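See structure below.
Just so you know, these numbers come straight off a predicted model, no measurement behind them.
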Amino acid sequence: MSGGCSIRALWILNNQETVIFSRRFSVVEKRWKLACKRENNGISSLLPTDAEISNGFSERKKREGSARGYGIRVTQSAEGSDSWVDDPITRHIIGIYISKEDEEGQYLLWPLVLHIKGQYYILVLPLVEPQHLKAYERMCKRSDCGNCIGVEESLSSLLLDLPCITGAFMVAHAIGDVVTGELVEPEVVVNASPSVGGLLDSLTGSIGIPSISARAKPVAAPVAASTTSGTPLDLSLSNMLAIKVSGFSSSDMPPTDVKQPAWKPYLYKGKQKILFTVHETVYAAMYDRDEIPDTITISGQVNCRAELEGLPDVSFPLTGLNTCHIEVLSFHPCAQVSEQGADKQAMMFSPPLGNFVLMRYQAFCSHTPPIKGFYQLSMVSEDEGAFLFKLRLMEGYKAPLTMDFCTVTMPFPRRRVVSFDGNPSIGTVLTTDHSVEWKIITTGRGITGKSIEATFPGTIKFAPRPVQRIPSLSSSVYGNLIEDDSDIEPESSTNANLEDYLLEKMIKDLSPVDLEEPFCSQAYDYAKVSFKIVGGTLSGMSIDPKSVTIYPSVKAPVDLSSQVVSGDYILWNTLGKCPFAISPKEGRSG
């Protein structure tokens with residue numbers, strides 16, 4: 001049973017822990033009951049009712065301190081609970097104790113994949129062997145904690161034997177995108193092409209509602225419908241809605257000697273063309289310190305939209321992979337890649353409908369950083385600071401690479417800005433209560449084929465810190481307040497004040513190693529750069545439109561576009577504390 005992914009059941013709960021949607025798959029449940037009967041180990045073969053799931057989830061939330069839980073064993077952890085296992089993965093793969101209304105005692109329902117999206121809790125129960133459930137039950141009652149060396153059973157090794165967990169996460173994330181209305185197609189950039197529309201707009205418009213999230217109940221039925229036998233077949237919402245409207249058969253049947261793939265439920269009719277967009281996101285940590293090297297990495301993907309009639313195959317060579325410093329490559333299931341060498345690979349794919357991600361990759365930057373320089377901030381008093389930026393943009397970059405816009409933001413989430421003084425050498429400045437935003441380049445005034453130097457000295461004043469008299473707080477309060485960003489839970493004003501106090505205390509008094517999320521807690525001074533570059537990539541990844549071939553041969557233009565956007569592009573304050581990772585020395589043995 002652990003060789004694939006089959007779903008026993010799924011539930012969606014709202015923020016009052018009430019089940020608002022559920023689906024059980026009887027075919028998979030029969031397999032579970034037969035396995036339990038075969039092993040005869042006392043495991044319950046029954047699925048809980050919606051009310052029992054709701055009660056069990058609420059009890060776990062109280063026991064673990066929050067919806068996700070502690071993830072590690074703390075003083076509040078009880079034997080038999082997820083946190084007793086002492087593994088952070090138990091914040092995402094959880095167990096719920098079910099109490100049957102007409103029976104005494106309770107039983108454990110595991111593994112439940114928990115995904116929190118907006119105001120919804122999504123639970124997906126994949127099919128595992130009864131022996132896996134028994135193994136987890138033993139871990140929940142083990143006296144030691146963590147994944148100790150020499151221990152026969154560990155959660156990590158157990159999950160490695162369960163690829164169904166990955167499939168359950170994919171189902172949960174697909175449902176989360178649907179219920180919140182945040183499903184967006186991969187962007188394919190093309191000039192003056194109205195046919196390339198947003199998926200979400202077309203979907204919501206076709207069913208006559210302003211947005212998916214406007215529904216009173218989540219629209220999870222399309223995803224559930226794609227797993228009618230409990231086995232996920234296709235998690236593409238556009239395909240699922242097409243199947244719902246048109247059925248599984250297309251009006252124009254494909255040739256009898258060609259098998260129609262699951263990702264293309266009906267055939268395209270119209271003007272033929274292929275669109276590629278290479279989209280890269282740049283992540284950087286710029287320190288401007290001799291003892292700490294700057295780091296810059298690239299996460300990229302090749303998005304595609306192939307509007308081709310019939311079921312053709314598209315192929316092109318991938319060359320220069322070593323030159324592009326490509327580290328990791330992954331491909332869409334429709335693609336076949338023949339390994340011809342480390343620097344050259346041939347790709348062939350049968351394209352699905354709509355926009356899709358053909359390939360993802362990780363790479364190092366083959367250029368110098370697009371923005372480099374330094375940022376300094378010095379507090380001259382408790383409520384006043386002096387800062388200086390000295391940056392150089394697009395140094396060494398040539399046409400057609402164009403920087404479309406560039407903005408630098410100084411965030412101050414725990415201090416209120418009351419006044420600001422400074423004149424940048426280029427651009428304009430905007431201030432809010434908690435940030436200063438420097439617009440160096442605005443859209444429509446991009447720079448191509450040249451570099452510019454930008455400086456910005458200034459001073460900033462903050463409102464005095466409020467005096468808070470808070471009694472000593474126990475570690476239990478601290479544990480309850482530090483929670484994942486995706487856990488949206490009601491708070492009283494008292495809890496909000498306590499959280500503010502704790503964060504202020506951490507920022508001022510605690511060292512970085514004591515913080516669970518130092519970046520989110522704003523423990524350091526930094527500036528964040530946002531920018532967009534069009535006309536090329538920083539890794540060197542590209543596709544030659546002339547090398548793209550289609551079989552059977554048809555006349556279809558091939559269009560290629562490229563763009564680079566900033567991810568977390570951070571300028572750390574050279575006068576303050578900063579986190580960094582120490583890379584192992586080359587040739588050093590472990």
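- In this structure, Thr448 contributes its side chain and Gly446 its backbone to no donor-acceptor pair below 3.5 Å.
- Note: Glu384 CD to Asp421 CG = 9.5 Å, rounded to the nearest 0.5 Å.
- Aromatic ring centres of His367 and Tyr397: separated by under 6.0 Å.
- Taking all atoms of both residues into account, the shortest heavy-atom contact from Gly427 to Pro424 is O-CG, 3.9 Å.
- Under a 3.5 Å cut-off, the side chain of Arg360 and the backbone N or O of Val302 do not form any donor-acceptor pair.
- Contact annotation: the side chain of Leu162 never approaches that of Leu160 to less than 4.5 Å [non-hydrogen atoms, C-beta and beyond].
- Taking 4.5 Å as the limit, some side-chain heavy atom of Leu377 sits within range of a side-chain heavy atom of Phe412.
- Side-chain atoms of Thr90 do not come within 3.5 Å of backbone N or O of Ile93 as any donor-acceptor pair.
- For the pair Thr459 and Val380, the minimum side-chain heavy-atom distance is 4.5 Å or more.
- Other residues, nucleotides and ligands contribute over 12 non-hydrogen atoms within 6.0 Å of the CE atom of Met347.
- With sequence neighbours excluded, the residues satisfying side chain to side chain contact (heavy atoms under 4.5 Å, CB included) with His434 are Arg416.
- At least one side-chain heavy atom of Ile447 sits under 4.5 Å from a side-chain heavy atom of Ile452.
- Not counting sequence neighbours, the partners of Phe57 by the ring pair (Phe, Tyr, Trp, His ring centres under 6.0 Å) test are Tyr121.
- Residue pairs satisfying the salt bridge (charged side-chain N to carboxylate O under 4.0 Å, His left out) criterion with at least one member in residues 275-302, sequence neighbours excluded, are absent.
- Between Cys304 and Asn355 the shortest side-chain heavy-atom distance does not fall below 4.5 Å.
- Applying the salt bridge (charged side-chain N to carboxylate O under 4.0 Å, His left out) rule to pairs touching residues 423-443 yields Glu437-Lys439, sequence neighbours excluded.
- Put simply, the side chain of Trp438 gets close to the backbone of Ile426: a donor and an acceptor are under 3.5 Å apart.
- Counting all heavy atoms, side chain and backbone alike, Ser566 lies closest to Val529 at OG-O, 3.4 Å.
- Between His173 and Phe169, the ring-plane angle classifies as tilted under the 30° and 60° cut-offs.
- Side-chain rings of Tyr283 and Tyr569 stay apart, their centers remaining 6.0 Å or farther from each other.
- Side-chain atoms of Ser539 come within 3.5 Å of backbone atoms of Met541 as a donor-acceptor pair (strictly under, hydrogens ignored).
- Applying the side chain to side chain contact (heavy atoms under 4.5 Å, CB included) criterion to Pro333, with sequence neighbours excluded, gives no partner residue.
- Using bins of under 30°, 30° to 60° and over 60° for the plane-to-plane angle, the ring pair Phe387/Phe456 lands in the perpendicular bin.
- Taking every heavy atom of both residues into account, Thr180 and Gly176 meet most closely at OG1-O, 2.8 Å.
- The pair Lys461-Asp383 fails the salt-bridge criterion, with no side-chain N (NZ, NE, NH1 or NH2) lying under 4.0 Å from an Asp/Glu carboxylate O.
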Show the numbers, then the answer: is there a side-chain contact (heavy atoms from CB on, under 4.5 Å) between Phe356 and Phe349?
-> CA-CA 12 Å; Phe356 68 100; Phe349 62 98; 4.0 Å; yes
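- Across all non-hydrogen atoms, the minimal contact from Ser77 to Ser83 is OG-OG, 2.8 Å.
- For Lys372, the salt bridge (Lys or Arg N to Asp or Glu O under 4.0 Å) partners two or more places apart in sequence, or in a different chain, are Glu395.
- One finds the CD1 atom of Ile175 at 4.5 Å from the CG atom of Leu10 (value rounded to the nearest 0.5 Å).
- Arg392 contributes no side-chain N or O that, together with a main-chain N or O of Gly373, makes up a donor-acceptor pair within less than 3.5 Å.
- By the 4.5 Å heavy-atom criterion applied to side chains, Leu393 and Glu453 are not counted as neighbours.
- To the nearest 0.5 Å, atom CD1 of residue Ile298 and atom OG1 of residue Thr281 are 9.5 Å apart.
- Between the side chain of Asp86 and the main chain of Arg73, a donor-acceptor pair closer than 3.5 Å is present.
- At a threshold of 4.5 Å between non-hydrogen side-chain atoms, the residues Gln301 and Val357 count as touching.
- Annotation: the span from Ser425 atom OG to Leu391 atom CG amounts to 9.0 Å, rounded to 0.5 Å.
- Here the CD1-OG1 distance, from Ile440 to Thr428, works out to 10.0 Å after rounding to the nearest 0.5 Å.
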Please step through side-chain contact (heavy atoms from CB on, under 4.5 Å) for the pair Ile89 and Leu159, ending with a clear verdict.
-> CA-CA 10 Å; Ile89 195 63; Leu159 295 178; 4.0 Å; yes
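- There is a side-chain donor-acceptor pair under 3.5 Å between His279 and Gln563.
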Check step by step if side-chain contact (heavy atoms from CB on, under 4.5 Å) holds for Ile533 and Met394.
-> CA-CA 10 Å; Ile533 298 173; Met394 301 292 284; 3.9 Å; yes
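- Considering all non-hydrogen atoms of both residues, Val417 and Phe462 come closest at CG2-CE2, 4.0 Å.
- From Ile441, atom CD1 reaches atom CZ of Phe531 across 11.0 Å, with rounding to the nearest 0.5 Å.
- At a threshold of 4.5 Å between non-hydrogen side-chain atoms, the residues Tyr70 and Glu64 count as touching.
- Side-chain atoms of Ser562 and Thr537 form no donor-acceptor pair, as typed in the model, at a separation below 3.5 Å.
- For the pair Pro545 and Leu560, the tightest heavy-atom approach, listed with the atom from each and the gap, is CG-CB, 4.1 Å.
- The aromatic ring centres of Trp572 and Tyr375 sit 6.0 Å or more apart.
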Any chance you could lay out the side-chain contact (heavy atoms from CB on, under 4.5 Å) test for Asp177 and Lys117, step after step, and finish with the verdict?
-> CA-CA 8 Å; Asp177 290 339; Lys117 189 76 170 182; 3.7 Å; yes
